[in-house]
There are 2 protein chains.
Amino acid sequence: MMIDKYSSTPVYLQLEQYLSEEIASGKLKPGDALPSENTLCAEFSISRMTARKAVDYLVRQGKVERRRGQGTFVARQENNLRISLPLDRHLSSSEATLGAGKEVTNHLICLVLQKSPPSIAAQLHIPAGTNIWFMKRLRLVGDVPFVFEQSWMLAAPFSDLSETDLNRSKYAYIARKGFTVERSEKEIRAELPSQEVRDMLGINREEPVLHATSVAMLRGFGPFEISDIYYNQQHYRFTLTATRD
Amino acid sequence: MMIDKYSSTPVYLQLEQYLSEEIASGKLKPGDALPSENTLCAEFSISRMTARKAVDYLVRQGKVERRRGQGTFVARQENNLRISLPLDRHLSSSEATLGAGKEVTNHLICLVLQKSPPSIAAQLHIPAGTNIWFMKRLRLVGDVPFVFEQSWMLAAPFSDLSETDLNRSKYAYIARKGFTVERSEKEIRAELPSQEVRDMLGINREEPVLHATSVAMLRGFGPFEISDIYYNQQHYRFTLTATRD
DNA sequence: GAGTGGTCTAGACCACTAA
DNA sequence: TAGTGGTCTAGACCACTCT
């Protein structure tokens, strides 16, 4: 294998391709160490920044992982060990099965009453400037966060909403007020997380996350909550069922 | 705004944070140019590689886009223009509404009969080594690909499967054989695409994709097809509905 | 021609891990 | 202590766009 410095494909892409093939072909097996960055520099007569850039792409694709002080290793697939969570069911109904003995907890990060900005107001069918709750929550199984959620919720029917309610169960609170959450419409995207989301979910900076924007509906009432939901893929798997109609 | 070179947070993360806030606060609006890389170097007394690394993260998050020879610009949100596609319905039933006048087409890339590898066999409840179909398909609305699909399908009940069937409608073919696709169980992940997927979907290297691994079931028969499905987010939005139980 | 982003170099110092 | 990855510098040349 040679690197062609005069090719129109950048050196770092050539090296990415080469290492990818070593992994795909099985010459490098899960758990194996890649050549160290300095070795790659020497072997291909390139600078370290270039070698690192090639490896960066493999890290982002989840094909290898770096361990400081140790080396870079071909990733092991641990898909089957991760806890499975349905995206097409309300979390409240899946929490029982989720924990597998561990406790599901909520950690409220902030809760404030604010004036609704126009974009949120439009989705909730209220005038801009109406009071709404804004909150950020982290949800964990044991001590591993699986969801970071940021949401805007109608304030009028829920004026006595408290931190305690949110640290326990929002659904239980809503039920006590005599409402039922009927369904939520979600749009799902793959995204690279911002710093805040990375910090909250404890994510390696190179790993993409699932991001849902959700509109939740109350029975006989319509939309009452807009949420941005970020799902942690490192320790959980997200599933859904597709049907005919 | 100052950069603290002696902080434990790396300089490039501080700069990423700063620029993120400029965008979030609206000081930099969609379409606005960021300071050029050389300007950032001078303003914060950092080297260009460091400035670029900060901007790299914003590019990957989709917050800005680079245009060679022009500059780096705050991304415009075009979410509402993208075609919406439900993940919780079979594609066959949504194709009618999907196109909005444009034609939905299939482009078969490969179709071969092969021996089932153990991992696929286990999921299809057949012995390893049984004959199965392996195929790759690209599905497009007009000439924009929205799905790249790679799948392994039982060969026994579908021995006369042809390229023509797959370029038209796989569901129609299955129906002609007297079967009904009941449902499919999907696991959804956010991933950075490999070279093949990037090429197929025409994706910029920095953009993550949605990746579903699906098991499709025939009514009264069980699993008959395993698929890897990659969804193009650049021109489509993917939705689903969550319900109680 | 001037300015932009795209790539690359050849060093450097640091924090961390393992022997 | 030696080797690893993490960060950073101060340059360089290139391809591209706009005026």
Side-chain angles (χ1 to χ4, degrees), chain A residues 2-19 28 31-60 62-75 195 198-199 203-207, chain B residues 2-19 28 31-75 198 204-207:
Chain A
M2 281 303 293
I3 295 262
D4 176 4
K5 295 201 177 185
Y6 302 100
S7 159
S8 63
T9 356
V11 172
Y12 70 89
L13 281 185
Q14 295 181 51
L15 182 54
E16 180 210 343
Q17 193 70 28
Y18 167 70
L19 292 170
L28 287 170
D32 284 0
L34 265 64
S36 80
E37 294 175 356
N38 284 321
T39 308
L40 291 173
C41 297
E43 186 171 347
F44 298 105
S45 307
I46 58 181
S47 83
R48 186 152 163 239
M49 290 297 260
T50 304
R52 269 187 75 77
K53 187 155 183 173
V55 177
D56 276 347
Y57 279 94
L58 300 176
V59 172
R60 286 182 224 153
K63 289 181 180 165
V64 304
E65 64 182 49
R66 290 195 172 110
R67 294 182 214 141
R68 188 195 310 217
Q70 295 182 268
T72 302
F73 301 85
V74 180
Q195 177 128 31
R198 295 197 294 255
D199 290 348
I203 293 184
N204 158 352
R205 166 174 325 122
E206 304 292 357
E207 166 126 1
Chain B
M2 281 302 295
I3 295 261
D4 177 3
K5 297 202 175 183
Y6 303 101
S7 158
S8 63
T9 6
V11 171
Y12 70 89
L13 282 184
Q14 295 179 52
L15 182 55
E16 180 210 344
Q17 191 73 26
Y18 167 70
L19 292 170
L28 287 170
D32 285 359
L34 264 64
S36 80
E37 294 175 355
N38 283 320
T39 308
L40 290 173
C41 297
E43 185 171 349
F44 298 105
S45 306
I46 58 181
S47 82
R48 186 151 163 240
M49 290 299 260
T50 305
R52 268 186 77 76
K53 187 154 183 173
V55 177
D56 276 346
Y57 279 95
L58 299 176
V59 171
R60 285 182 224 152
Q61 290 167 34
K63 290 181 180 166
V64 304
E65 64 183 49
R66 290 195 173 109
R67 295 182 213 142
R68 189 199 305 223
Q70 296 183 259
T72 303
F73 301 84
V74 179
R198 294 197 292 255
N204 154 356
R205 171 177 317 122
E206 302 292 358
E207 167 124 1

Exercise for the section: Would you mind checking if A:R60 and A:E16 are paired as a salt bridge, meaning a charged N to carboxylate O distance below 4.0 Å? Expected result: no
Practice task
Starting at atom CG of B:N38, determine the distance to atom C1' of C:dG6, rounded to an integer number of angstrom.
Solution key: 12 Å
Completion exercise
Note: contacts of residues 47-55 of chain B with DNA chain D (heavy atom, under 4.0 Å) are B:S47, B:R48, B:M49, B:T50, B:K53
Handout entry: Side chain of A:P10 (C-beta onward), nearest among D:dT17, D:dG5, C:dT7
Key = C:dT7
Handout entry: B:S36 side-chain proximity, nearest of C:dA18, D:dT4, C:dT4
Key = C:dT4
Problem - For atom OH of A:Y6 and atom P of C:dT7, their distance in whole Å - result: 18 Å
Handout entry: Between D:dA10 (P) and B:E37 (CD): distance, integer Å
Key = 17 Å
Exercise for the section: Could you grab the distance from atom NZ of A:K63 to atom OG1 of A:T72, nearest 0.5 Å is fine? Expected result: 15.0 Å
Problem - Aromatic ring pairing B:Y57/B:Y12, orientation class (parallel under 30°, perpendicular over 60°, tilted between) - result: parallel
Handout entry: Length of the line joining A:F44:CZ and C:dC8:P, which is rounded to integer Å
Key = 14 Å
Problem - Spacing of A:T50 atom OG1 and A:L15 atom CG [to the nearest 0.5 Å] - result: 9.0 Å
Practice task
Could you check how far NZ of B:K5 sits from C1' of D:dC8, rounded to whole Å?
Solution key: 9 Å
Practice task
Round to the nearest Å and state the distance from B:R68 atom CZ to D:dA15 atom P.
Solution key: 9 Å
Problem - Any B:V55 side-chain heavy atom under 4.5 Å of B:L40 side chain - result: yes
Problem - Position toward the 5' end of DNA chain C (nearest nucleotide), A:T9 or A:G69 - result: A:T9
Exercise for the section: Figure out the CG/C1' separation between A:D56 and C:dC8, and round it to whole Å. Expected result: 15 Å
Practice task
Figure out the CZ/C1' separation between B:R67 and D:dT17, and round it to whole Å.
Solution key: 12 Å
